[in-house]
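Taking it in order: structure first as structure tokens, then the write-up.
Each ligand, and each atom within it, is numbered from 1 in the order the structure gives.
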Amino acid sequence: AEPGRNRADALSVAQWKEKIERALACPQAVGPIRNIKDEDPRPFDAIFIGGGAAGRFGSAYLRAMGGRQLVIDCWPFLGGACPHSACVPHHVFSDCAAELMLARSFSGELWFPDLREKLTSIKEVVDLFRKGRTGPHAVMNYQSREQLDIEFLLNAPARILDRHTVEAGGEIFRARHLVLTLGAEAAPLEAPGSELVGVHNYATLVETLDREPGATVVVIGGGKTAVEYGCFFNATGRRVIMLVRNRPLDMIPDRETRAYALERMLQQGIEIIEGADVVEIVGDSARRVARVVAATPDGPIEIETDFVFHALGERPRSRMAVEALGVEIDAKGAVIVDEALQTSAPGVFAAGDLIGSPMEMFKARKSGAYAARAVMGEKVSYRPRDWPDFLHTHYEVSWLGLGEEDAREKFKNVVVMKLPPDNPDGLNIGLPASDRTMLYAMARPHMSGFQKLILDGDSRRVLGAHHVGYGAKDGFQYLNALVRGGLTIDQLAEMDELFLNPTYFIQLARLRAGQPNLTNL
Ligand code: FAD
Ligand code: KPC
């Protein structure tokens with residue numbers, strides 16, 4: 001039987017939801033949410049400080065191995081930033097961006113309402129998310145307690161006392177090891193006026209947005225979060241001006257794929273100013289944003305707006321561990337760990353966003369689990385490498401391996417297969433097409449996506465894959481593992497596609513796999 005499943009005091013998901021909502025509304029009224037087996041005589045093998053993806057997965061893994069853990073979080077739920085302010089709201093907004101782009105592209109045609117000149121609400125979507133997010137929160141607590149048998153103390157900030165001891169909720173807890181899983185938070189905008197009402201980052205947007213933003217939005221930054229939120233704001237019908245210090249979407253490794261994604265953003269009306277630096281945000285008499293002043297390569301500009309969104313990267317929450325334990329950090333504030341997730345403080349481990357980039361869920365969950373294995377005495381070695389990646393514009397953009405330029409630098413016989421093919425009509429071609437892009441393929445062909453497979457013609461191995469469309473990132477997770485294992489065009493051609501598939505790589509490979517000397521397609 002699953003541990004905990006039949007316990008008399010088990011809470012249903014609905015009961016967890018109600019409890020979490022009460023605690024979020026008034027943390028003091030609910031107090032520490034305690035699931036600790038005081039009757040268990042064993043000491044804790046580890047206390048995970050922070051119950052986000054890293055702390056929760058580390059806890060689950062350690063528990064699954066038969067160890068005893070405690071996870072402490074100041075929020076009343078496990079799962080951390082992802083369901084509360086990061087991945088989940090980002091996916092809500094990106095879903096809306098995709099839906100709205102479709103609706104605006106076909107505005108007044110077929111069954112689509114006429115959205116021309118119409119703004120749709122940002123605040124309604126934020127409010128909808130805030131109401132809906134406690135559902136996933138509740139599942140996290142239900143799964144953690146009633147199914148995984150994890151011990152936790154929630155709704156209680158933790159304070160590290162020494163390498164074995166933590167204070168939280170008025171109690172002192174000791175463990176053989178500490179695992180620091182405190183995550184990261186939005187880097188601040190260092191400009192006068194950044195404290196004005198109407199200046200938001202991803203976290204304050206969902207916590208404190210108090211009125212509908214006006215018709216012009218300024219987005220500061222050009223990384224994943226800036227682009228993702230900027231595309232959503234744009235899809236609501238607003239003018240979006242992105243002030244980018246360097247290059248937007250710089251992380252997309254393939255030049256052509258990046259260009260396709262960027263061109264679609266520009267075509268949706270997003271204005272991007274590269275080389276821009278915010279000088280000041282000017283407020284009105286009510287301390288609300290009134291305009292943004294920026295220095296650009298073409299001289300200073302002023303933009304009237306009541307809504308500024310900045311996304312300037314993440315800062316690891318390492319201060320408490322530095323002060324209490326003296327753990328070493330790098331220049332960006334990330335806790336330095338070795339391949340066994342061991343910090344510079346003996347017996348203290350760290351995982352997740354706290355240990356720096358890549359700050360992604362796979363790394364948080366995986367490093368949490370590896371730290372658990374290390375705590376339990378296993379000799380482990382984890383350094384993230386060769387991971388697949390993605391982001392959202394109005395589309396989903398997925399990639400793995402090398403871009404074409406890097407591939408050509410490293411290999412002398414690079415072969416490329418792509419859709420649309422190089423042809424006189426450019427990107428105005430009704431393929432690729434698959435779920436969610438069929439209407440574009442028929443009526444707005446340049447919008448139906450872009451994809452590219454890069455091969456080494458000598459070894460016949462896949463070097464990279466790149467995709468702009470929808471539904472591909474799931475496949476990229478598995479494809480990445482195959483590519484790491486040396487996947488060849490011949491093996492790809494043996495696979496069975498579920499046509500019309502978001503990634504056309506299997507069928508493209510099959511068209512060419514008969515060639516002894518591979519050529520482009
Ligand atoms: P967190 O989830 O931040 O957990 C840290 C926990 O520590 C928190 O729960 C916090 O409450 C707790 N804590 C802090 N201080 C204390 C204290 N003193 N005492 C007790 N508890 C404390 N990644 C993806 O893979 N896919 C995505 O789509 C994606 N979208 C993102 C969108 C945005 C806008 C952002 C910012 C990030 C996104 N990420 C995404 C990254 C992902 O959210 C993080 O990598 C992941 O949440 C990190 O997990 P973590 O456990 O390391 O940290
Ligand atoms: C959407 C969802 O699964 C909740 S957010 C994930 C948090 S965790 O499982 O702890 O990584």
Side-chain angles (χ1 to χ4, degrees), residues 27 32 47-60 70-95 132-144 148 150 152-160 166-169 179-187 200-203 205-206 221 223-229 232 309 311-321 324 334-335 350-369 371 384 387-392 396 473 477:
I47 298 174
F48 290 82
I49 308 174
R56 195 175 90 88
F57 272 70
S59 290
L70 176 65
V71 56
I72 304 176
D73 204 286
C74 50
W75 279 332
F77 56 88
L78 290 165
C82 169
H84 202 58
S85 52
C87 327
V88 178
H90 140 219
H91 276 75
V92 171
F93 301 141
S94 295
D95 245 25
R133 69 181 170 183
T134 51
H137 290 358
V139 176
M140 294 301 103
N141 282 11
Y142 177 84
Q143 187 187 61
S144 301
L148 296 170
I150 288 174
F152 56 70
L153 186 70
L154 305 179
N155 209 26
R159 196 161 54 89
I160 301 169
V166 176
E167 184 276 324
V179 186
L180 311 174
T181 44
L182 288 155
E185 58 204 356
H200 286 283
N201 61 34
Y202 66 87
L205 177 72
V206 295
K224 284 187 180 183
T225 302
V227 166
E228 283 157 353
Y229 285 62
F232 166 58
F309 182 87
L312 301 165
E314 290 284 282
R315 202 171 53 178
R317 263 191 217 103
S318 53
R319 185 193 288 191
M320 175 167 57
V335 171
D353 281 4
L354 185 68
I355 63 170
S357 84
M359 294 193 190
E360 304 284 351
M361 287 294 279
F362 78 86
K363 204 278 302 281
R365 291 167 165 170
K366 220 165 148 178
S367 59
W387 61 88
D389 211 342
F390 84 99
L391 57 79
H392 284 105
E396 177 192 285
K473 81 173 143 78
Q477 305 164 117

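Take Lys224 and apply the salt bridge (Lys or Arg N to Asp or Glu O under 4.0 Å) test, not counting sequence neighbours, and it matches Glu360, Asp389.
Taking every heavy atom of Met320 and a limit of under 4.0 angstrom, the matching atoms of ligand 1 come to 18 (N).
Of all the listed residues (Asp73, Ile72, Ile160), Asp73 holds the heavy atom that lies closest to atom 6 (C) of ligand 1. Remark: among candidates Ala350, Ala226, Cys74, the nearest residue to atom 13 (N) of ligand 1 is Cys74, based on non-hydrogen atoms.
At a heavy-atom cutoff of 4.0 Å, ligand 1 is contacted by both the backbone and the side chain of Glu360. Contacts with ligand 1 closer than 4.0 Å are made by side-chain heavy atoms of Ala364 only, the backbone lying farther away. Residue-level proximity to ligand 1 for Trp387 is absent, since no heavy atom of it falls below 4.0 angstrom. With a 4.0 Å heavy-atom cut-off, ligand 1 is reached by the side chain of Tyr229 but not by its N, CA, C or O. In Thr181, the part holding a heavy atom less than 4.0 Å from any atom of ligand 1 is the backbone. Here Thr225 has side-chain heavy atoms under 4.0 Å from ligand 1, and that is the only part of it that gets that close.
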For ligand 2, output the ligand-protein N/O contacts shorter than 3.5 angstrom; if there are none, return none.
unit_1	atom_1	unit_2	atom_2	d
ligand 2	9 (O)	Arg56	NE	3.4
ligand 2	9 (O)	Arg56	NH2	2.8
ligand 2	9 (O)	Arg365	NH2	3.3
ligand 2	10 (O)	Arg56	NE	2.7
ligand 2	11 (O)	Arg365	NE	2.8
ligand 2	11 (O)	Arg365	NH2	3.0

For this session: Begin from the C-alpha positions of Leu180 and Met320 and carry the test side-chain contact (heavy atoms from CB on, under 4.5 Å) through to its verdict.
Result: CA-CA 10 Å; Leu180 311 174; Met320 175 167 57; over 6 Å; no
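Protein heavy atom closest to atom 25 (O) of ligand 1, with residue, atom name and distance, is Met361 N, 2.9 Å.
At least one heavy atom of His91 lies less than 4.0 angstrom from ligand 1.
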